Protein chains: 2
Amino acid sequence: MFSSDNTRDRVLNAALELFAERGYFTTSVHDIARLAGISIGSIYHHFGDKEGIAQSLVSLLTTHMEGLIRSGAAGHGSAHDRAHGVVARLFQFAEQEPRAMDFMLTARHREFLPSAPPVCASRPFQMMREIVAEGMETGEIERMDVMIAASCLFGGPLRLIATRIDGLLDRPLPETLDEVWPLAWRSVAR
Amino acid sequence: MFSSDNTRDRVLNAALELFAERGYFTTSVHDIARLAGISIGSIYHHFGDKEGIAQSLVSLLTTHMEGLIRSGAAGHGSAHDRAHGVVARLFQFAEQEPRAMDFMLTARHREFLPSAPPVCASRPFQMMREIVAEGMETGEIERMDVMIAASCLFGGPLRLIATRIDGLLDRPLPETLDEVWPLAWRSVAR
DNA sequence: GTCTATATCATGATAGAC
DNA sequence: GTCTATCATGATATAGAC
């Protein structure tokens, strides 16, 4: 996920792997140090404390997901196409980097980052709601509570991602897009 | 949630509150003992170890949710009505016992119960998929991958529950049912 | 069955050499 | 900036009286 091989990135890669696989609390800083091939001292030098590692991880991944969503929506005029593009990117990303997706979608950040907002309140989720709101403006999407519409439009695809990450879906997500998307869309389409 | 005031139930109530609020790992057995008004020794006498508390909790709540889903579906002939009844019960329950719902839906059980299956694989989720499969048999639901259809039918409502629990939805869930359900249903209806 | 007091141990974090 | 060695804390779990 983090490709340059400097110390920070090696630590972040190791941490992401362990946090996603076992969880934050069942991973010790020693474990991270061992997997990254970096000493504990160096880790504390760079990140201050264990929370600092998670902090960096969440921050970088949130930014990455923002970019993903922005680029998925970019270049499309209609809310339909923008939302479709977003789901396509999410499916791709979940398939390429399942641990990153898992850590972003299902880890309970509040438990280890006291000041973290709930996932639903993070920028990426806000952006999805904005697309829905735009769709209501243009008349593509039925007018209603935006929170409800967004839950219905993206809830199915997100649940499918969770299912895939849990190993209960055999097919790669992008392959299912043409099946899932029409269902998701027609739930809110006007 | 657990109403009789014997030692076991008092411990389980305290544990549920703390696990849902702060998380399993940020809750010590001392915390549970203090909140329950029970000594540590008694807790270990009844549950063996900390994991045993979580084990009991998950087991009891899973059974409870199974009953909920069964009773939501009961007495209805069509898949439409059965699924509708299930969502209605889930909304009710999430509103009455948000911590129990939170602990069941969003806690990562694997992290503290090594042998626990992913939530999606648990009986309650299986039962939802069965309703979807039946709906395909009767022709109410479009034929397709059951996992995909179930994700789309229940994904929206489940996401709305998460949104509500996270405090991002002002209205009580049951009040939104008549808005959400038609959207969810028409995503898979034939 | 319930309690208090205690043992044990892992982990987060630091010190200080290089 | 990186490392090893060490500390300090606090949590799980147990012993054993009542």
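Each chain gets a letter, A, B and so on, in the order the sequences are listed, and its residues count up from 1. These figures come from a predicted structure and were not determined experimentally.
Counting non-hydrogen atoms under 4.0 angstrom, A:T27 reaches the backbone sugars and phosphates but no base. Using a 4.0 Å heavy-atom distance criterion, A:S28 is classed as a sugar-phosphate-only contact.
With D:dT2, C:dG1, C:dC3 as the choices, the nucleotide that has an atom nearest any side-chain atom of A:T7 turns out to be D:dT2. Among C:dT14, C:dT2, D:dG1, the nucleotide with an atom closest to any side-chain atom of A:Y44 is C:dT14. In the set D:dA11, C:dT4, D:dC3, C:dT4 carries the atom at the smallest distance from any side-chain atom of B:S39. Considering only side-chain atoms of A:I38, the nucleotide from C:dA13, D:dC3, C:dG1 that sits closest is D:dC3. The listed nucleotides are C:dA13, C:dG1, C:dC3; the one nearest the side chain of A:I40 is C:dA13.
Summarising the geometry, the separation between CD on B:E51 and C1' on D:dA11 is reported as 15 Å, rounded to the nearest angstrom. Between the CZ atom of A:F25 and the P atom of D:dT12 there is a distance of 12 Å, given to the nearest Å. The interatomic distance linking A:H45 (NE2) with C:dA15 (P) rounds to 15 Å, in whole Å. Separating the CG atom of B:D31 from the C1' atom of D:dG10 is a distance of 11 Å, rounded to the nearest angstrom. One can place CD1 of A:I53 at 14 Å from P of C:dT11, the figure rounded to the nearest angstrom. B:K50 places its NZ atom 12 Å from the C1' atom of D:dG10, with the value rounded to the nearest Å. Protein atom CD1 of A:I32 is 18 Å distant from nucleotide atom C1' of D:dC3, rounded to whole Å. Protein atom CZ of A:R34 is 12 Å distant from nucleotide atom P of C:dA10, rounded to whole Å.
The cationic atom of B:K50 (NZ for Lys, CZ for Arg) lies less than 6.0 Å from the six-membered ring centre of B:Y24 and within 45° of the ring axis.
In this structure, A:R171 pairs ionically with A:E179, as a charged nitrogen and a carboxylate oxygen lie closer than 4.0 Å. A salt bridge is absent between A:R164 and A:D170: the closest approach of a Lys/Arg side-chain nitrogen to an acidic carboxylate oxygen does not fall below 4.0 angstrom.
Toward the 5′ end of DNA chain C lies the nearest nucleotide of B:H30, the other residue of the pair A:D49 and B:H30 mapping further downstream.
In this structure, CG on A:L68 lies 12.0 Å from OG1 on A:T63, to the nearest 0.5 angstrom.
In terms of heavy-atom proximity, A:I43 sits nearest to A:I38 at CG1-CG2, 4.1 Å.
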